[in-house]
Amino acid sequence: MEEVNEERRQVQSNGRCRYRHSYVIFSILVILAMCYYVIVNENSETWKATIGVLFQKTFHNKTSSETLNTVTRGIVSPTTVTRGIVSPTTVTRGIVSPTTVTRGIVSPTTVTRGISAAPWKPPDPYYVAYPHKYSFVINEPEKCQKENTFVVLIIPVSPGNVAARDAIRSTWGSEKVVADKTVSLLFLIGWPTSEDSEKLQEDLLRESEKHHDILQSDFWDSYYNLTIKTAVMLEWLSAYCQNAQYAMKIDSDMFLNVKNLVNLLLPAPKQNYMTGLVARNAMVLRDPHSKWYLPITAYSPFHYPPYALGLGYVFSLDLAGKLIEAAQHVKAVYIEDVFVGMCMKHLGIDLTNPPDGSLFNVFPVDYNRCHYSKLIATTTRSLENIVNFWRDLQTPGPYC
Ligand SMILES: *[C@@H]1O[C@H](CO)[C@@H](O)[C@H](O)[C@H]1NC(C)=O
């Protein structure tokens with residue numbers, strides 16, 4: 001009897017041991033996976049970019065839910081980005097938080113669509129209706145010729161976001177000439193889908209008549225259509241702005257140092273040139289809860305091709321036509337900057353890292369006159385920040 005009991009205990013403790021073993025092995029595997037992830041992102045700059053990729057949702061969701069954006073952005077603190085050596089805790093944070101951040105964000109089906117009574121249901125939620133022939137409802141066909149544009153800034157913005165457009169017009173968007181070079185500015189808008197779309201459209205026409213800085217195309221303006229927006233931007237550039245040297249796609253909540261942008265571009269290559277915050281070896285997110293979830297059916301590789309984060313990327317104008325051509329052969333994904341990266345890969349053209357890693361910033365940079373006098377672009381926490389920072393930078397006196 002004693003012996004049997006002893007044996008049973010032995011068996012039980014063996015079982016527990018095995019449990020513990022598999023737990024340890026599992027932990028080791030998780031840590032190895034994290035290490036691999038860090039190692040492939042070999043230098044601090046791309047690491048930073050990759051953090052941005054992980055948190056990309058925060059920076060992509062501008063058109064559809066601007067308020068959520070500010071909330072999520074508050075959660076993602078810049079301190080999670082460490083330069084140089086990345087400690088395991090940072091890694092864990094980087095990997096764990098996106099899911100926390102992403103939960104509760106408006107899903108495509110909950111976005112209200114005013115046009116049809118029944119909620120719109122896509123056949124495949126990751127399907128992007130591009131290539132397709134979209135046309136312009138509001139156009140500025142002669143803008144680049146008339147202004148003899150050097151660099152054209154294209155700002156995708158939602159139809160109702162007059163506040164962002166006005167903030168930009170009154171700040172960095174007002175800097176029209178730098179070093180004798182013309183900087184042109186255009187807001188890119190799709191078709192309003194909200195309840196008050198008719199009124200919105202009337203307001204837009206009036207706004208366009210006043211400022212002549214709006215392009216509107218006839219696709220539905222929604223988060224999952226941002227790739228269409230970018231493609232339409234490229235189509236417009238290649239059709240109407242061939243005389244310009246460069247273009248920049250920049251988001252509407254960004255601070256832009258126009259002078260530094262022009263200074264970057266003056267000596268830059270005139271062809272096959274694209275720069276910004278370049279992400280390399282960024283992992284495709286396969287967690288269905290992630291907002292950047294891409295199923296294998298939409299895109300099968302483990303990593304994205306190199307791409308410049310959508311917050312603000314710059315490219316030589318020749319690329320507009322080339323990218324449109326490539327887009328006919330590349331299956332579109334709804335993550336617009338990744339899609340541009342895929343087209344660049346198709347073309348076999350590499351992206352250029354910016355000369356300095358602090359020029360483009362995915363996390364809002366705290367205001368510091370010296371720092372802001374040196375950077376090119378940074379996300380901001382509010383439109384008021386854009387206005388206040390820009391005004392301060394205009395006042396005379398030393399920067400540093
Ligand atoms: C994107 O725009 C196209 C064209 O207007 C439309 O058919 C489609 O429903 C839109 N998709 C989303 C997700 O809004």
Side-chain angles (χ1 to χ4, degrees), residues 56-69 102 104-139 154-161 164 186-205 208 214-237 239 249 251-252 284-285 288-295 297-299 310 323-324 327-328 330-340 342-343:
Q56 208 175 22
K57 167 172 301 184
T58 328
F59 303 97
H60 268 287
N61 199 20
K62 281 148 205 160
T63 10
S64 47
S65 57
E66 313 232 353
T67 37
L68 280 170
N69 231 345
T102 56
I105 282 180
V106 189
S107 79
T109 39
T110 49
V111 175
T112 34
R113 265 155 236 284
I115 290 177
S116 55
W120 176 82
K121 268 205 136 190
D124 165 3
Y126 303 98
Y127 169 75
V128 177
Y130 192 83
H132 180 85
K133 195 75 213 116
Y134 296 108
S135 40
F136 287 96
V137 184
I138 303 177
N139 198 356
I154 308 266
I155 305 148
V157 57
S158 60
N161 201 348
L186 284 157
F187 296 99
L188 179 56
I189 295 168
W191 196 254
T193 56
S194 53
E195 305 282 334
D196 54 347
S197 58
E198 250 170 61
K199 185 183 174 295
L200 259 181
Q201 191 56 26
E202 279 168 26
D203 292 348
L204 267 179
L205 285 170
S208 158
I214 289 176
L215 301 175
Q216 187 188 30
S217 180
D218 60 355
F219 61 87
W220 285 15
D221 199 305
S222 68
Y223 172 70
Y224 279 82
N225 266 348
L226 284 183
T227 289
I228 297 180
K229 212 176 229 192
T230 293
V232 162
M233 164 186 84
L234 295 170
E235 286 179 7
W236 186 86
L237 289 171
K249 181 242 151 175
D251 282 344
S252 60
V284 179
L285 299 185
H289 297 292
S290 160
K291 193 172 169 198
W292 301 299
Y293 168 62
L294 258 192
T297 49
Y299 184 74
L323 287 167
I324 283 301
Q328 318 300 310
V330 172
K331 189 181 167 198
V333 296
Y334 70 91
I335 308 173
E336 66 89 17
D337 44 10
V338 164
F339 178 64
V340 172
M342 287 160 62
C343 293

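Computed from a prediction, not measured in an experiment: that's the story for all the values here. Hydrogens, waters and symmetry mates are skipped; everything else that's a heavy atom, side chains included, is used. Order of appearance sets the numbers: ligands from 1, and atoms from 1 within every ligand.
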By the definition side-chain contact (heavy atoms from CB on, under 4.5 Å), identify the one residue from Lys199, Gln216, Glu198 that meets it with Pro192.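 Result for side-chain contact (heavy atoms from CB on, under 4.5 Å) with Pro192: Gln216.
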
Describe, in one word, how the ring planes of Tyr134 and His132 are oriented to each other, choosing from parallel (under 30°), tilted (30 to 60°) and perpendicular (over 60°). tilted

Between the side chains of Asp218 and Ser135, is a donor N or O closer than 3.5 angstrom to an acceptor N or O? yes

Is the shortest heavy-atom distance from the side chain of Phe339 to the side chain of Lys331 under 4.5 Å? no

Where does Ser222 meet ligand 1, judged by heavy-atom distances below 4.0 Å: at the side chain, the backbone, both, or neither?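 The part of Ser222 near ligand 1 is the side chain, not the backbone.
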
Report the part of Tyr224 in contact with ligand 1, treating N, CA, C, O as backbone and CB onward as side chain, heavy atoms under 4.0 Å; options are side chain, backbone, both, neither.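 Side chain only.
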
Contact atoms of ligand 1, heavy-atom distance to Tyr134 under 4.0 Å: 4 (C)

